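Right, one structure below, let's go through it.
All values derive from a computational prediction rather than experimental measurement.
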Amino acid sequence: MATITYRHPNGTDTVVDVPVPNTVMRGAKINNVQGIEAQCGGSAQCGTCHVYIDEACGIVLPEMHDDEDEVLYGTASPRRDNSRLSCQLRISEELDGLVVHLPERQS
């Protein structure tokens, strides 16, 4: 289980406990967090689960795979150095306390 904070563009937070073996994207979907569309269902093809990682939370994420890296160049909101696809972030105890900022738009 990991507690994930989804920070909306208006500054409000939605904090949820997400059980293993879900992803950050799936955690948003099962908890009705607005702002993650996930049109491809989590296969790293559409970029509609794009998030910005809050680097201040100090959590080290797994390396980005080539597929994720490529998809992030086509997202609706600008890619940044801290951009990730939430469907590629598997929940583990190491992600407990992760804060992700939701972009203004996904599509």
Review point. Which ILVMFWY residues are connected to V100, directly or by a chain of links, through side-chain heavy atoms under 4.5 Å apart?
Key: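 Via sub-4.5 Å side-chain contacts, V100 links to I4, Y6, V16, V18, V20, V24, M25, V33, I36, V51, I53, I59, L61, L89, I91, L95, L98, L102.
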
**Study point:** Distance under 6.0 Å and angle within 45° of ring axis: R84 vs Y52
**Key:**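 Ring-cation test returns no.
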
Does [X] reach the main-chain N or O of [Y] with its side chain, forming a donor-acceptor pair under 3.5 Å?
X: T48; Y: Q39; value: yes
X: Q45; Y: C40; value: no
X: R105; Y: S107; value: yes
X: R79; Y: D69; value: yes
X: Q106; Y: G35; value: yes

Practice item. Test E55 against V99 for side-chain contact (heavy atoms from CB on, under 4.5 Å), laying out the working first. Key: CA-CA 8 Å; E55 295 167 338; V99 177; over 6 Å; no

Check your understanding: H8 and D13: side-chain donor and acceptor closer than 3.5 Å?
Key ->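 H8 vs D13: no donor-acceptor pair found between side chains.
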
Point to revise | S83 side chain to H50 side chain, donor-acceptor N/O pair below 3.5 angstrom | key: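 Yes, side-chain donor-acceptor contact under 3.5 Å.
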
Exercise for review: Calculate, to the nearest 0.5 Å, the distance between atoms CZ and NE2 belonging to R7 and H101 respectively.
Suggested key: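 Answer for the CZ-NE2 pair, R7 versus H101, is 5.0 Å.
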
Point to revise | Over all atoms of both residues, closest heavy-atom pair of A44 and C87 | key: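 Closest approach of A44 to C87: N-SG, 3.7 Å.
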
Exercise for review: Provide the closest heavy-atom pair for P9 versus P103 in the form atom of the first, atom of the second, distance.
Suggested key: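 What the structure gives for the nearest pair is CG-O, 3.5 Å.
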
Check your understanding: Between M64 and L72, does a side-chain contact (heavy atoms from CB on, under 4.5 Å) hold up when you go through it step by step?
Key -> CA-CA 11 Å; M64 185 183 302; L72 282 167; 3.7 Å; yes

Check your understanding: What side chain to side chain donor-acceptor pair (under 3.5 Å) pairs are there with at least one residue in residues 15-31, not counting sequence neighbours?
Key ->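 Qualifying pairs: T3-D17.
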
Exercise for review: Determine, stepwise, if the pair D96 / E93 fulfils side-chain contact (heavy atoms from CB on, under 4.5 Å).
Suggested key: CA-CA 5 Å; D96 189 45; E93 289 181 7; 5.6 Å; no

Point to revise | Atom CG of D66: over 12 foreign heavy atoms under 6.0 Å | key: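 No, the 6.0 Å shell around CG holds no more than 12 heavy atoms from other groups.
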
